[in-house]
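Along the sequence shown, the residues carry numbers beginning at 1. Given the structure is predicted, the values throughout are model-derived calculations rather than measurements.
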Amino acid sequence: SKVSWLTFIAGCYFGYKNFSIKAMLIGIVVAVIIVHLVFYFLGSYLRVKLGEENLNKVKTFFEYALVALVVFFVFNWFQ
């Protein structure tokens with residue numbers, strides 16, 4: 001989703017800002033591998049437990065909740 005890409009880009013920026021390029025690249029590769037493995041196994045498990053329609057409802061709720069939290073923290077950061 002778009003939120004995932006925004007958080008990934010923000011993580012890359014702060015990784016580049018605070019660490020060496022080598023450490024940043026290793027961190028990105030490890031993070032991408034771990035995230036893909038976890039989402040694969042979690043998606044398979046939840047698809048069996050919830051069904052496809054309910055899983056889409058849960059995913060939509062969490063995406064909107066994440067957007068709301070990011071907006072909340074960004075606006076509170078500028079105060």
Side-chain angles (χ1 to χ4, degrees):
S1 71
K2 292 176 184 159
V3 174
S4 298
W5 281 108
L6 291 175
T7 55
F8 178 73
I9 292 169
C12 291
Y13 169 73
F14 287 110
Y16 175 72
K17 186 176 174 183
N18 295 319
F19 301 103
S20 68
I21 292 177
K22 181 180 175 184
M24 180 195 72
L25 291 175
I26 291 170
I28 289 172
V29 169
V30 169
V32 166
I33 290 171
I34 290 172
V35 166
H36 278 279
L37 285 174
V38 168
F39 278 136
Y40 173 76
F41 289 119
L42 186 61
S44 298
Y45 175 76
L46 290 176
R47 210 171 286 114
V48 169
K49 288 291 183 182
L50 296 176
E52 196 68 37
E53 184 178 336
N54 287 335
L55 183 60
N56 285 334
K57 290 178 186 177
V58 170
K59 285 170 39 177
T60 302
F61 169 77
F62 279 115
E63 283 187 2
Y64 283 118
L66 182 60
V67 169
L69 284 173
V70 168
V71 169
F72 174 76
F73 285 114
V74 165
F75 283 124
N76 281 330
W77 185 41
F78 289 116
Q79 291 181 353

> Is Tyr64 linked to Leu6 within one hydrophobic cluster, defined over Ile, Leu, Val, Met, Phe, Trp and Tyr using a side-chain heavy-atom separation of less than 4.5 Å?
Replying inline: no
>> Between Leu42 and Leu66, is there shared hydrophobic-cluster membership here, with clusters defined by ILVMFWY side-chain heavy atoms closer than 4.5 Å?
In response: no
> To the nearest 0.5 Å, what is the distance between CG (Leu55) and OH (Tyr45)?
Replying inline: 12.5 Å
>> So which atom in Cys12 and which in Ile28 form the shortest heavy-atom distance, rounded to 0.1 Å?
In response: SG-CD1, 3.4 Å
> Out of Val35, Val30, Leu37, which residue meets the side-chain contact (heavy atoms from CB on, under 4.5 Å) rule with Ile33?
Replying inline: Leu37
> Is the shortest side-chain N to carboxylate O distance from Glu63 to Lys59 below 4.0 Å?
Replying inline: no
> Out of curiosity, Asn18 CG to Tyr13 OH, how far, rounded to the nearest 0.5 Å?
Replying inline: 9.0 Å
> Is it true that Phe61 and Leu46 fall in one hydrophobic cluster, defined by side-chain heavy atoms closer than 4.5 Å?
Replying inline: yes
> Considering the options Val32, Val38, Ile34, which one meets the side-chain contact (heavy atoms from CB on, under 4.5 Å) requirement together with His36?
Replying inline: Val32
> Roughly how far, to the nearest 0.5 Å, is OG1 of Thr60 from NZ of Lys57?
Replying inline: 10.0 Å
